[in-house]
Amino acid sequence: MNNLITLGEFIIKNQGDFPYAKGEFSSLLSAIRLAAKVLNSQINKAGLVDDLMGHIGSVNVQGEDQKKLDVYANELFVKALKARHQVCGIASEEEEKTITFENEEGLNGKYIVLIDPIDGSSNIEVNVSIGTVFAIYRRISPIGTPATKADFLQPGRKQVAAGYVIYGSSTMLVFTSGNGVNGFTYDPSIGVFYLSHRNIQMPKSGAIYSINEGNYPYFSHKMQSYIEYCKEHDPGTNRPYSGRYIGSMISDLHRTFLKGGIYMYPGSTKAPEGKLRLLYECNPMAFLIEEAGGRASNGTMPILDIQPTEVHQRTPFFGGSENMVRQLEKSLAT
Ligand code: AHG
Ligand code: MN
Ligand code: MN
């Protein structure tokens with residue numbers, strides 16, 4: 001433990017690093033921290049509470065089954081963010097339409113939040129780590145007016161902060177406001193996040209590749225060749241790499257932050273743009289990855305430079321240790 005610094009204290013102490021009005025920004029982060037705590041306590045008893053397990057019978061905008069916890073978590077984050085009056089708009093994986101707050105406080109909110117309230121929901125029922133991931137932008141429309149589509153469709157490079165919560169063997173909140181990445185571990189007995197991972201630096205190279213290899217037949221030849229490269233015997237470059245795939249992007253990338261490696265969700269003949277969503281999955285993770293010294297790409301360009309056109313659009317995603325992602329990009333280009 002780093003001298004028992006709490007997340008709240010850290011935010012106050014580093015206020016000078018935050019680009020915009022301090023009180024507002026920390027109040028917004030408090031909303032996320034609070035919702036994460038409430039969600040954590042529910043996740044910990046998901047196996048016990050009938051209400052939280054299983055499917056709700058509806059599908060979300062992605063055409064995917066909504067789990068009860070997806071819906072619960074979505075309502076929780078929206079409610080917590082709405083109550084703080086710093087946010088004029090929210091986009092969520094679980095909401096087809098963007099949410100804009102048009103009461104007086106909402107119109108004056110300066111921030112836009114894009115969120116995947118539960119990432120890895122297929123892992124809930126088998127007691128495997130899941131997460132929450134969020135991106136925060138400054139609005140570009142005038143204060144006092146309703147948020148516009150352009151506020152939501154900003155390139156990832158414009159993020160002012162991003163973070164994730166991982167509900168794993170311990171619960172952590174990891175975030176950046178553009179000045180490095182710091183991780184806070186939750187002590188559930190007293191309900192406090194403590195700074196435990198200061199200035200996370202992703203190793204420049206690693207020895208783990210992470211991909212749903214069951215999709216191999218649907219990948220391009222170049223992608224297939226890269227997977228073969230990962231498995232070749234070449235001790236000089238740490239190959240063959242170890243294979244690890246949890247199936248929760250946040251958990252797979254959390255491991256990558258700490259141990260290095262490459263995480264991949266490519267396009268395929270079945271899903272040309274892959275599965276992951278640009279705005280509320282790939283962009284926040286890409287911001288954190290770059291801040292930790294790693295690289296995040298769609299195969300040809302940095303994720304953060306993509307100009308979004310749709311709130312729920314997908315993109316191929318390759319993120320992790322810089323040297324490994326560059327090698328992958330080279331393989332896809334040749
Ligand atoms: P979500 O639960 O928000 O729908 O996201 C699930 C995503 C991501 O977390 C994970 O990496 C990926 O789905 C796994 O997909 P496959 O089962 O296709 O490998
Ligand atoms: Mn997700
Ligand atoms: Mn989700």
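Remember, it's 1-based here, ligands and their atoms both numbered in the order they're listed. What you see is a predicted model; the values in this text were computed from it and never measured.
The Mn ion (ligand 3) has no N, O or S atom of Gly120 closer than 2.8 Å.
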Query raised in the report: Could you go step by step and tell me if Arg326 and Glu322 meet the salt bridge (charged side-chain N to carboxylate O under 4.0 Å, His left out) rule?
Result: CA-CA 6 Å; Arg326 286 197 189 278; Glu322 184 181 355; 3.0 Å; yes
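Residue Glu93 approaches ligand 1 through these ligand atoms, each under 4.0 Å from one of its heavy atoms: 1 (P), 3 (O), 4 (O). Every atom of ligand 1 with a heavy atom of Tyr245 under 4.0 Å away is listed here by number and element: 11 (O), 14 (C), 15 (O), 16 (P), 19 (O).
If you look at Arg277 next to ligand 1, the close heavy atoms, those under 4.0 Å, all belong to the side chain. Of all the heavy atoms of Asp116, the ones lying under 4.0 Å from any atom of ligand 1 belong exclusively to the side chain. Only side-chain heavy atoms of Tyr263 come within less than 4.0 Å of ligand 1; its backbone N, CA, C and O stay farther off. Contacts with ligand 1 closer than 4.0 Å are made by backbone heavy atoms (N, CA, C, O) of Ser248 only, the side chain lying farther away.
Remark: of the listed residues Glu290, Met285, Glu291, Glu291 is the sole one forming a side-chain contact (heavy atoms from CB on, under 4.5 Å) with Phe287.
Closest approach between the Mn ion (ligand 3) and any N/O/S atom of Glu93 involves OE1. Note on Asp119: its N/O/S atom closest to the Mn ion (ligand 2) is OD1. For Asp116, the N/O/S atom at the shortest distance from the Mn ion (ligand 3) is named OD1.
At least one N or O atom of Ile118, backbone or side chain, sits closer than 3.5 Å to an N or O atom of ligand 1.
With a 6.0 Å radius and a threshold of 12 heavy atoms from other residues, nucleotides or ligands, Lys231 has its NZ atom above the threshold.
For atom 12 (C) of ligand 1, the choice among Met249, Lys270, Glu281, Lys275 with the nearest heavy atom turns out to be Lys275.
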